Each structure stands twice: as C-alpha cells, then as structure tokens.
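Just the heavy atoms: all of them, side chains too, but no hydrogens, waters or symmetry mates, feed the values below. Please read these numbers as outputs of a predicted model, since none were measured by experiment.
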There are 2 protein chains.
Amino acid sequence: MGTASKALSLLNYFTRSTPKIGLSDLARHSGYNKATVHRLLSELARHGFVEQIGSGREYRLGPAFLRLAALRENAVPMRELATQTLTELSTATGETAHMSLLNGDVLSSFSYTYSTAHGTMVMMEDAEVLDLHATSSGLAVLAHSSSQYVDDILSAPLIKRTPETETDPDVIRAMLPGIRATGVAISIGGYEQDVHSYAVPVFDANSACIGAVAVATPVARMTDILGEQIISELTTRTATLTRLLGGFPPDTFPTFLQANPPQIGG
Amino acid sequence: MGTASKALSLLNYFTRSTPKIGLSDLARHSGYNKATVHRLLSELARHGFVEQIGSGREYRLGPAFLRLAALRENAVPMRELATQTLTELSTATGETAHMSLLNGDVLSSFSYTYSTAHGTMVMMEDAEVLDLHATSSGLAVLAHSSSQYVDDILSAPLIKRTPETETDPDVIRAMLPGIRATGVAISIGGYEQDVHSYAVPVFDANSACIGAVAVATPVARMTDILGEQIISELTTRTATLTRLLGGFPPDTFPTFLQANPPQIGG
DNA sequence: TTGTAGCGGTTCATTATTTGAACCATTGGT
DNA sequence: ACCAATGGTTCAAATAATGAACCGCTACAA
C-alpha cells in the first residue's frame, strides 16, 4: 500500500461516535507504528485535513473538508438531485428513503428523507458508515461490483450487527446473482433489528456502481402489498436519478428496470 | 516534502474555475513527474478523493469530501456559529460580511452574508481562494502568523490582481506590525477593484490564527464614519465569535479589542 | 511524596517505497 | 497520413518511510 493511502486511511477512523482520536489510539487501531502515524498526521495537519485540539492532545478532522466539499458540490451537484428524488420517494411510499455513496471501500449515508405518514419511522444518521455485507444498500452495491472487489470485502472479518446478520462469505456470495437478476436487494434486520429495507444500485457514467438508494420500514409494517409498491417506486425513481446524475446502468442490469431513454431520431 | 503531502497538494489545483484537470496538466502545474502524479491520483481515487470522468479522461474531486465534511461539521459546528455572527455583522453595517479559514497555506472563503440595505453590494464566492498578500483577511492572518510562515508565503511569487495590488514582499512585511498593533487590516482595491475591506483575525484554542472575519464595501460608499462603525462592529463581534469557537486571542493581540472574559471567582 | 503507566513526540540505522526518463497505445486535429 | 498531444506503464537508481527505543510530561495510585 502506498504512503498516501496510509495517510488517507487514517481519516476513516474518525466517525460520528469517535470524532476525536489520540496518537497512540490511532496507531493501535490502524496497526501502523506510532512514529509513522505521527508523521502522517503531521502531513494531514499541514493541509488542514486534521487538527489538534489542545496542545499535545487528540486529533480531529480539519476544516479543509468544508472547502473541498463545497468545490465538489459545485462541480457535481449530487446532493440537490438526490434529495429531490428521495423526497418524492418517501412521500410516495410513506417510509424513510436514503441514498448511500461508495467512497473507496466505505459505503456511507449521503442523504435521507422521512415521511410524516406514520408515527414510527426508521431513523438515519448523516455520514454513517454502512456495512456492505449487512445492509440492503451494501448488497446492492456488491452485486454490481467486480468479483475482485467482492472478494476483498468478504475476506475481511464481517461484523455481526444483529442476531440476523449473515456473516458467512459463501452465503453472501450466493445471494449476489439473485440480486443482480432482480435488480433489488433486501435486508431484514441484518443491520438494525426491526428494520426491513429494499435497495437498488446507482451507476456512474462508466456504468460503475457508485452507491444505492433504499427505502427502509419497520418490519412490523411490511406487507406484500407495501413491498410491491416500494419496489415499484424505488426502481423507477432511482433509474431516473441515475440518468439525472449522468450515469448509465451496465448491460447486466435488468432492462425492465431502466428509465426510458430519451427518444433519438424518431 | 512527504509523499502524503504531495498527494494532498494535488487537490489544491482543483478550483471553482478549474473543476476538472487532466493527468499531464496536473503534472505540469505541480512540477511532479507524470508517473508520480498518476500513482498519487490512483491512491486518491481509491479512497474517493478524486474520480475520473470518462474512461481515461480528466479527474475531478470525489465524493469522499461530502462524507468527511459532514463529520467535521458534526464535530465542530463552525458554520452555524460563523453564519450567525456574519448575519449580525452585515445587518449592523449594511454591508457584506464574510469569514475565511486557513487550510494549510490556502486561505479560502468559508461563509458570507449580504445586507439588503443598498442596491449595490460586494459579492462573494463559496470556497474561493483568497490571496494572503492581496486581501485584508490575508493580511490579518499574516500579521498574526509566525515569521517563518510569513517568509514562506512572501517568498513565493505574489500575483498582481489589480493595479493597486502590493506585490513587494518588503513593503508587505512592513505593514504587519501596524496591523498587529491595531488588530485591523485594510485592503483598498488590492484584490478586486472598487472593493474596500476591513478584516480582523480569528484564533483557535492554541491562540493560533485560523482565519479572519471581514466586512467589504464598494469603495465609493466608504466614509470615515462608516469605517469607524464597521471597525467597531467587526472587532467586538469577531472577538465574541473567537470565544464561541473555543479560541483565545494571543497575548500580542490588543487587549482593548478582546471580548470580556467570563468572570472567574468573584 | 514517590512510583508507575500512559500519553504525544523524537531519533536514526535499516529497509522498502518512490521516483522519472523513456516507453506504449490512443486520440484529436491538420 | 501525419503529428502532437493525451493517459498510462516500466524498472534501475535514488530517496523517503519505517519502527524499536528513547524523551519529557501528565495523571493517577500507592
């Protein structure tokens, strides 16, 4: 692994629940030498990617991300388009809709919308990291990724989030062709108990899978009829979103789920 | 310079006006070998910090920044506090207020608010990079930075933005003690013609200067009375903002401009 | 008070990675 | 058909990263 990758991978240890990390802690978790981590953190700090809190205390993410996120959003106004689609989706289904994006090996929550139709609702967290093996979004992504990538992910230890979480790599691998064929991934209580969710993939201009859109409901509310309605709304609206983002489904993606292409000629 | 720093410095070439850059272009601008740039970009891409547009085409900033910016804002809700102060400031002065933050060597626009008091107004751009030598904010930051840092900045070529831009390092260096003494930096048409601005520094918990708050007016509207009013509002409100952000002015900062400390004891 | 275990940070000989000139294969313009 | 770009690759030589052991410091406990 290159040195730059090591530095960047340190950033993955900062999460919503662990916003501040000490040098020794980070060395322990990452497995790198303390001196190495210190040097990498110093370089990250020089560019504003991390900053130290007191004098000689813990580190946290720096202000540079605000600047670069603004530039990214200026170049690719994804959030705007995504949120619009999600709003329609949660309104139409009466349930929570969310979109996740793949950042390297990490799938994270990007945007979500709630419906006011019911008293109970599946709640989401901003920038939350979603397990690829334990969420419907993760499975949708895996089903449309290279077998090389799938191997990488499934060869790492798979966390058992709930008693229902499937952690056997072979069982998960066996699920993927079915997901590819139907275009829809399902997870029932695999990530959080009592949460049922359907997810479909989103593709970029190279037909690479860049994330997923999902609708999540409390398991108690799920019925065959609701499920069919959700799948219908989810597949058509997400196909449109993919096109709005400038993406194209790959040839392997079920054609009956693709958005109508603009008529050329005619 | 470390390898990680080289990778991170590549990100600085992506701007609002140059959101997409090719491999050779980036190699030329950065001065690194094309093979080096290619390897660094590949590592950045692996983590979602950049992405390629077509197949074998230009690069742009990746989606990872959206995730990390959300985590940063969650850990340090700066934007919220800053925008509140800026709103008060532009309301009180009837002019444009803005805050900039230092990301390594780069000072960039972070947040800004307009007033509706006049028909003409100084406009700002999100995430715009501000020259340290040619803006009031930049001078305020330089005046409260280490002489080592000032030397680094002033030894690089200084761009002449307007006929009024001062580009002589010695002249700029000579301005800094005065800015330190008064606590306020001024720029008249040095960055954009017909723009007059006052700026004061913002400090972090280590009393390091992390950016500046400024009020910008069309030169035609500036008077002694307006100037005094702006300086008064700017200094008191920014001192309060520094404290809200958990920062402290250094001992060298004029005490008459500091926010009242909370009374300890009795 | 003293002892100890942790912290962030530093050193420097050893080691592994980065580097870059020259090289492809493609693309776009003349 | 040509030329001059482009993005991408190779491999010996040069350089930077590494990590065990070491500081000085703080916090807590005996």
Side-chain angles (χ1 to χ4, degrees), chain A residues 1-14 18-62 75 104 146 148-149 204-208 246, chain B residues 1-14 18-62 75 104 146 148-149 204-208 246:
Chain A
M1 192 196 294
T3 308
S5 284
K6 288 180 196 161
L8 298 178
S9 70
L10 290 181
L11 298 172
N12 286 334
Y13 295 95
F14 295 93
T18 328
K20 305 180 286 188
I21 320 184
L23 172 62
S24 300
D25 245 25
L26 204 45
R28 235 175 282 116
H29 283 104
S30 65
Y32 303 138
N33 187 278
K34 197 170 57 164
T36 301
V37 173
H38 179 255
R39 189 169 37 77
L40 296 177
L41 282 173
S42 299
E43 298 204 48
L44 288 168
R46 209 184 310 285
H47 292 262
F49 285 73
V50 300
E51 64 183 11
Q52 270 185 291
I53 298 175
S55 60
R57 293 216 53 73
E58 293 171 308
Y59 294 81
R60 68 180 172 204
L61 294 175
S146 70
Q148 168 65 60
Y149 183 77
D204 70 6
N206 305 318
S207 296
Chain B
M1 193 196 294
T3 309
S5 284
K6 287 180 195 161
L8 298 179
S9 71
L10 291 181
L11 299 172
N12 286 334
Y13 295 94
F14 295 93
T18 328
K20 306 181 286 187
I21 319 184
L23 172 62
S24 300
D25 245 25
L26 205 44
R28 237 175 282 113
H29 284 104
S30 64
Y32 303 138
N33 187 278
K34 198 170 57 164
T36 302
V37 173
H38 179 255
R39 189 169 38 75
L40 296 177
L41 282 173
S42 298
E43 297 204 48
L44 288 169
R46 208 184 311 285
H47 293 263
F49 285 74
V50 300
E51 64 183 11
Q52 269 184 292
I53 297 175
S55 60
R57 292 218 52 74
E58 294 172 307
Y59 294 82
R60 68 179 173 204
L61 293 175
S146 69
Q148 167 65 60
Y149 183 76
D204 70 6
N206 305 318
S207 296

Review point. Is H38(A) near enough to dG8(C) that one of its side-chain N or O atoms lies under 4.0 angstrom from OP1 or OP2?
Key: no

Check your understanding: dC7(C) phosphate, OP1 or OP2: any side-chain N/O from Y59(A) under 4.0 angstrom?
Key -> no

Check your understanding: For DNA chain C, whose closest nucleotide is more 5', that of G2(A) or that of I21(A)?
Key -> I21(A)

Point to revise | Bend angle of the helix from dT1(C)-dA30(D) to dT30(C)-dA1(D), end axes from five pairs each (to 10°) | key: 40°

Check your understanding: Within the structure, does a side-chain N or O atom of R57(B) lie under 4.0 Å from either OP1 or OP2 of dT6(D)?
Key -> no

Exercise for review: Look at the side chain of L23(B) and decide which nucleotide, out of dT18(C), dG8(D), dT10(C), has an atom nearest to it.
Suggested key: dG8(D)

Exercise for review: Have a look at K34(A) and say if it touches a base, only the backbone sugar-phosphate, or nothing, with a 4.0 Å heavy-atom cut-off.
Suggested key: base

Revision key, fill the gap. Taking for S24(A) and for K6(A) the nucleotide of DNA chain C with the nearest heavy atom, the one nearer the 5' end belongs to S24(A)

Practice item. Give a yes or no on whether the backbone of G62(A) and the side-chain of E51(A) come within a donor-acceptor separation of less than 3.5 Å. Key: no

Study note, to complete from the structure: d(L61(A) CG, F14(A) CZ) to nearest 0.5 Å is 5.5 Å

Practice item. Side-chain contact test, heavy atoms from C-beta onward, threshold under 4.5 Å: evaluate it for L10(A) versus Y59(A) and give yes or no. Key: no

Study note, to complete from the structure: NZ of K34(B) to NE2 of H38(B), rounded to nearest 0.5 Å, is 10.0 Å

